[in-house]
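To start, the structure itself, in structure tokens.
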Amino acid sequence: MFFLLSKVVGFIALPSNAIALLCGFGLCLMLSRWRRAGVGLLTAGIAALLIFGYSPLSNVLLLTLSERFPAWQHDGRDPDGIIVLGGAVDADTSIARGIIETNASAERVIAALELARRFPKARIVYSGGAGNLITGLRAEAPVIGRLFEQFGIPRERIVLETRSRTTDENARFTRELVAPEPGERWLLVTSAYHMPRSVGVFRKAGFDVEPYPVDWRTAGWIDTWMPFDKLSAGLARADTAAHEWVGLLVYRMTGRIDAFFPGSR
């Protein structure tokens with residue numbers, strides 16, 4: 001039930017969808033006796049479209065998330081395991097085409113390959129089931145597992161978690177699968193903007209991980225002054241940021257994380 005509700009709420013909360021619904025509702029009211037209210041809603045929708053599409057607001061929302069955890073620095077102690085969260089590949093298209101089809105979060109996979117080479121004794125865990133409500137019926141993990149083997153990672157080092165559909169399930173199912181021992185060092189690889197919620201659920205699951213953020217999307221705080229030159233680019237970034245902020249709120253309200261905005265300890 002939580003998976004279904006999270007997808008429905010997540011759909012409505014995305015600025016692009018919310019603006020479309022607002023404008024659509026406004027148009028419907030304009031055709032009724034509440035024409036003035038419809039004009040007001042349509043005007044508000046167009047204003048929101050321009051603000052989220054062209055202004056730096058989307059960068060501000062995203063940077064607040066992605067700058068929460070700094071880039072990981074090696075202190076001389078090698079990790080025992082590396083956990084990579086799913087969301088970087090289109091499993092259905094990959095299987096249909098017979099090739100790996102990645103998306104904007106492909107840096108997660110690139111980082112996993114680089115870390116696997118850098119730390120040859122570490123286990124490599126990919127946690128990713130079928131996380132979409134309508135599309136995405138196949139789990140990501142087996143697709144990435146084959147890619148890891150093609151790049152020379154021995155099969156015995158690879159652990160595939162195929163059941164998870166949410167970030168909360170990523171944490172719980174991965175902990176059950178790898179059973180980390182006290183004192184072990186595990187890195188968590190995911191997009192920088194997704195790291196606060198991810199770290200929060202792993203802590204809640206009793207799995208102590210070290211953040212390894214990738215896929216930053218921005219050049220840094222200087223982007224808070226940079227408007228977008230394409231409406232679609234600003235809306236896409238606004239959707240990404242809104243998805244995470246709403247996710248943090250819902251996860252805190254449902255007890256899946258212990259703090260609204262988890263940070264470094």
Side-chain angles (χ1 to χ4, degrees), residues 1-11 14 81-113 115-116 123-150 153 155 157-180 186-191 193-207 209 211-212 214-215 239-240 243-244 246-248 250-251 254-257:
M1 180 60 72
F2 177 78
F3 172 70
L4 176 61
L5 289 176
S6 68
K7 296 303 178 183
V8 173
V9 171
F11 175 85
L14 295 182
I82 296 152
I83 302 166
V84 186
L85 298 191
V89 66
D90 185 331
D92 287 338
T93 304
S94 296
I95 293 172
R97 296 289 184 180
I99 58 175
I100 304 297
E101 284 290 335
T102 57
N103 56 33
S105 298
E107 288 90 341
R108 302 183 192 185
V109 178
I110 296 171
L113 294 172
L115 288 169
R123 284 185 285 172
I124 310 297
V125 182
Y126 193 91
S127 176
N132 292 324
L133 183 60
I134 300 175
T135 61
L137 302 178
R138 295 180 174 89
E140 287 184 53
V143 176
I144 295 298
R146 290 192 292 272
L147 177 68
F148 286 168
E149 291 188 62
Q150 290 172 8
I153 303 176
R155 182 65 186 88
R157 289 183 61 195
I158 302 171
V159 180
L160 303 177
E161 187 284 298
T162 61
R163 295 186 296 152
S164 59
R165 300 171 299 171
T166 66
T167 307
D168 175 57
E169 291 180 351
N170 284 141
R172 292 189 290 108
F173 295 163
T174 299
R175 190 184 190 285
E176 293 174 5
L177 192 61
V178 303
W186 287 83
L187 303 185
L188 178 64
V189 178
T190 190
S191 300
Y193 62 83
H194 184 48
M195 191 61 77
R197 184 155 58 105
S198 301
V199 167
V201 294
F202 270 82
R203 287 175 181 170
K204 185 70 174 181
F207 197 158
V209 293
Y212 192 99
V214 296
D215 183 25
D239 284 351
T240 299
H243 176 81
E244 279 307 309
V246 172
L248 284 166
V250 172
Y251 271 44
T254 56
R256 285 169 168 79
I257 54 178

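Heavy-atom basis, side chains included; hydrogens, waters and symmetry copies ignored. Start at 1 with the first residue, then count along the sequence. Model, not experiment: these values are computed from the prediction.
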**OP:** Tell me, please, which residues at least two apart from R163 pass side-chain hydrogen bond (donor to acceptor under 3.5 Å, both in side chains).
**Re:** E176

Subject >> With S105 via side-chain contact (heavy atoms from CB on, under 4.5 Å) - residues at least two apart >> reply: A88, N103, R108, S191, Y193, D215, R217

Subject >> Closest non-hydrogen atom pair between K204 and G255, with its separation >> reply: CE-O, 3.1 Å

**OP:** Could you grab the distance from atom CD of Q150 to atom CD1 of I144, nearest 0.5 Å is fine?
**Re:** 10.0 Å

Original post:
If you take all heavy atoms of L14 and D239, which pair is closest and at what distance?
Top reply: CD2-O, 3.3 Å

Original post:
Ignoring hydrogens and geometry, is there a side-chain-to-backbone donor-acceptor pair from Y251 to D168 under 3.5 Å?
Top reply: yes

Subject >> From I100 atom CD1 to T93 atom OG1, the distance as rounded to the nearest 0.5 Å >> reply: 11.0 Å

Subject >> Min side-chain heavy-atom separation N170-S198 under 4.5 Å >> reply: no

**OP:** Could you tell me the separation between the OG1 atom of T167 and the NE2 atom of H194, rounded to the nearest 0.5 Å?
**Re:** 3.5 Å

Original post:
What residues form a ring pair (Phe, Tyr, Trp, His ring centres under 6.0 Å) with F207, not counting sequence neighbours?
Top reply: W186, F202

Subject >> Any residue meeting salt bridge (Lys or Arg N to Asp or Glu O under 4.0 Å) with E161, in chain and number order, not counting sequence neighbours >> reply: none

Original post:
Say you draw a straight line from CG of L113 to CG of L147; how long is it, rounded to the nearest 0.5 Å?
Top reply: 5.5 Å

Subject >> Residue from T174, I83, V178 passing side chain to side chain contact (heavy atoms under 4.5 Å, CB included) with V159 >> reply: V178

Original post:
L160 and G145: which non-hydrogen atoms are nearest, and at how many Å?
Top reply: CD2-CA, 3.9 Å

Subject >> side-chain hydrogen bond (donor to acceptor under 3.5 Å, both in side chains) partners for E149, two or more places apart >> reply: none

Original post:
Excluding sequence neighbours, so at least two apart, what forms salt bridge (Lys or Arg N to Asp or Glu O under 4.0 Å) with R175?
Top reply: none

Original post:
Hey, which of V109, V84, V189 is the one that makes side chain to side chain contact (heavy atoms under 4.5 Å, CB included) with V214?
Top reply: V189

Subject >> Point-to-point distance, once rounded to the nearest 0.5 Å, from CZ of R197 to CG of L248 >> reply: 6.5 Å

**OP:** Taking all non-hydrogen atoms of both residues into account, name the closest pair between Y126 and G87 and its distance.
**Re:** OH-N, 3.8 Å

Subject >> Atom pair CZ (R157) and CD1 (I82), whose distance is rounded to the nearest 0.5 Å >> reply: 7.0 Å

Original post:
Between the side chain of T190 and the main-chain N/O of M195, is any donor-acceptor distance below 3.5 Å?
Top reply: no

**OP:** Return the minimal non-hydrogen interatomic distance between I153 and A116, and the atom names on each side.
**Re:** CD1-CB, 3.6 Å

Original post:
Looking at I257 and G200, what are the two nearest heavy atoms and their distance?
Top reply: CG2-C, 3.4 Å

